[in-house]
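What's counted below: heavy atoms across the whole structure, side chains too, no hydrogens, waters or symmetry copies. Index from 1, following the sequence. All of these numbers come straight from a predicted model, not from anything done at the bench.
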Amino acid sequence: MTAEAPAVPNPLEPVDETWQRGLAIVAHPDDLEFGAAAAIARWTAQGKEIIYCLLTSGEAGIDGLDPAEAGPLREEEQRESARIVGVSQVDFLGLPDGVLEYGVPLRREITRVIRKYRPEIVITGSFRDSWDPDGQNLNMSDHIVTGRAVLDAARDAGNRWVFREQIESEGLERWGGVAQVWAAGSWRAKHGVDTTATFERGVQSLEAHAAYLRGLGSGDFDAEEFLEGFARQVGTRLGVKYGAIFEVFKLGLL
């Protein structure tokens with residue numbers, strides 16, 4: 001008889017990958033690259049279409065650069081980062097970095113994007129107050145505001161009577177086809193995806209944010225080392241080498 005394999009603590013369920021079009025909506029350039037980009041590389045390699053929408057240009061994210069210079073630079077880095085993982089469509093809404101506010105105007109902007117691209121899956125970042133269950137590593141306001149607005153807008157998009165001017169005057173149609181919203185990096189996540197084959201592309205995607213990374217801490221940030229620590233933890237819970245984690249919110253049947 002062979003010994004049974006030890007049980008994996010807090011195992012993750014694989015996300016459902018039976019979809020074709022995804023829309024990733026986050027606050028800043030680099031938000032997707034801190035964990036989700038390797039998963040996106042996996043999905044584009046499967047032939048799925050994924051579009052990026054950045055609410056801001058990250059213009060307030062580099063202390064040593066004036067926002068007028070930082071914004072265009074970070075947009076350029078994000079486009080290259082997206083290209084590495086197979087994403088060609090990258091939209092920037094031009095909202096103010098660092099001071100995003102939850103409310104109807106933000107929901108309206110995001111609903112417009114969802115109605116335009118008509119995704120089955122919407123990907124965003126964790127909007128929990130912290131990155132850990134003990135509340136020691138606090139999330140930032142822009143991330144929290146964005147994720148909550150994305151979740152609401154995914155439902156707003158399917159209601160013809162919400163933001164009806166988009167339907168009546170802008171030529172858009174209601175879109176109730178978002179089956180799930182996935183929040184990357186959430187400590188409450190119970191789902192994940194194997195990124196073993198695409199981990200290196202995820203690293204390269206983060207490294208494309210060179211100007212931003214140079215401004216972190218002492219300037220010697222190691223993208224591969226940072227991502228590997230998290231990806232290995234997730235991979236263990238999936239039974240693979242590397243993985244990415246998502247909190248899944250179901251809005252309909254996929």
Side-chain angles (χ1 to χ4, degrees), residues 8-12 14-15 17 22 24 26-46 48 50 52 54 57-58 61-65 70 73-88 90 123-126 128 130-132 136-140 142-143 147 182-187 189 191-247:
V8 175
N10 301 315
L12 294 169
V15 296
E17 296 182 303
V26 292
H28 316 109
D30 80 72
D31 283 354
L32 288 165
E33 286 65 51
F34 277 97
I40 289 168
R42 169 189 171 94
W43 295 323
T44 59
Q46 293 172 348
K48 300 184 193 318
I50 298 182
Y52 280 7
L54 289 297
S57 298
I62 303 176
D63 184 68
L65 283 182
L73 174 59
R74 298 202 68 195
E75 288 186 8
E76 181 180 347
E77 289 185 341
Q78 181 62 75
R79 291 189 182 95
E80 172 60 15
S81 179
R83 184 197 64 77
I84 290 168
V85 296
V87 173
S88 59
V90 183
I123 301 162
T124 190
S126 175
R128 298 299 176 184
S130 67
W131 295 106
D132 64 303
Q136 297 300 307
N137 299 303
L138 296 178
N139 204 346
M140 67 177 298
D142 275 3
H143 299 156
W182 295 353
S186 170
W187 63 265
H191 291 76
V193 61
D194 181 359
T195 60
T196 305
T198 52
F199 174 75
E200 289 302 326
R201 288 176 66 192
V203 172
Q204 293 167 14
S205 187
L206 178 55
E207 289 175 339
H209 295 276
Y212 176 73
L213 295 181
R214 283 195 299 269
L216 291 179
S218 61
D220 59 354
F221 178 83
D222 187 317
E224 182 170 10
E225 181 180 9
F226 180 89
L227 293 176
E228 184 175 17
F230 290 103
R232 280 192 182 276
Q233 292 177 35
V234 177
T236 297
R237 296 174 64 187
L238 281 167
V240 298
K241 184 176 181 180
Y242 295 132
I245 199 166
F246 295 90
E247 184 174 3

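Residues in residues 230-246 take part in these salt bridge (Lys or Arg N to Asp or Glu O under 4.0 Å) pairs, two or more places apart or across chains: E228-R232. Within the structure, every pair that satisfies the salt bridge (Lys or Arg N to Asp or Glu O under 4.0 Å) test and touches residues 78-87, not counting sequence neighbours, is listed here: E75-R79, E80-R83.
Counting heavy atoms of neighbouring residues, nucleotides and ligands inside a 6.0 Å radius, atom CD of Q46 exceeds 12 of them. Counting heavy-atom neighbours within 6.0 Å of N137 CG, excluding the residue itself, gives a total above 12.
Applying the side-chain contact (heavy atoms from CB on, under 4.5 Å) criterion to W187, with sequence neighbours excluded, gives R128, S130, P133. Applying the ring pair (Phe, Tyr, Trp, His ring centres under 6.0 Å) criterion to F246, with sequence neighbours excluded, gives W43, W182. With sequence neighbours excluded, no residue satisfies side-chain hydrogen bond (donor to acceptor under 3.5 Å, both in side chains) with E77. Every residue two or more places apart in sequence or in another chain that forms a ring pair (Phe, Tyr, Trp, His ring centres under 6.0 Å) with Y242 is listed here: F199. For L65, the side-chain contact (heavy atoms from CB on, under 4.5 Å) partners are I62, E69, A70, L73, not counting sequence neighbours. T44 pairs by the side-chain hydrogen bond (donor to acceptor under 3.5 Å, both in side chains) definition with nothing, not counting sequence neighbours. Remark: D30 pairs with R74 by the salt bridge (Lys or Arg N to Asp or Glu O under 4.0 Å) rule, at least two apart or across chains. Among residues two or more places apart in sequence or in another chain, the side-chain hydrogen bond (donor to acceptor under 3.5 Å, both in side chains) test is passed with Q136 by none. Contacts of A197 classified as side-chain contact (heavy atoms from CB on, under 4.5 Å), with partners at least two apart in sequence or in another chain: none. In this structure, the side-chain contact (heavy atoms from CB on, under 4.5 Å) partners of N139, at least two apart in sequence or on a different chain, are S126, W131, H143, I144.
Closest heavy-atom contact between G58 and P29: N-CD, 3.5 Å. Between A244 and A39, the shortest heavy-atom contact is CB-CB, 4.1 Å. Across all non-hydrogen atoms, the minimal contact from V90 to A82 is CG2-CB, 3.6 Å. In terms of heavy atoms, L238 sits closest to G192 at CD1-C, 3.8 Å. Across every non-hydrogen atom of L12 and H191, the tightest pair is CD2-N, 3.8 Å. When all heavy atoms of G35 and L227 are compared, the pair lying nearest together is N-CD2, 3.8 Å.
Remark: L138 CG to M140 CE distance equals 11.5 Å, nearest 0.5 Å. Atom CD1 of residue I84 and atom CG of residue L206 lie 10.0 Å apart, to the nearest 0.5 angstrom. Between atom CG of residue D63 and atom CG of residue L216 there is a gap of 11.5 Å, rounded to the nearest 0.5 Å. Here T195 contributes atom OG1 and R201 contributes atom CZ; the two are 12.0 Å apart, rounded to the nearest 0.5 Å.
With a 4.5 Å cut-off on side-chain heavy atoms, L54 and L32 do not count as touching. With a 4.5 Å cut-off on side-chain heavy atoms, H209 and H28 do not count as touching.
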Worksheet entry | Test log, rule side chain to side chain contact (heavy atoms under 4.5 Å, CB included), inputs E207 and E33 | CA-CA 9 Å; E207 289 175 339; E33 286 65 51; over 6 Å; no
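A perpendicular orientation is assigned to the rings of F34 and F226, their planes being inclined by more than 60° (bins at 30° and 60°).
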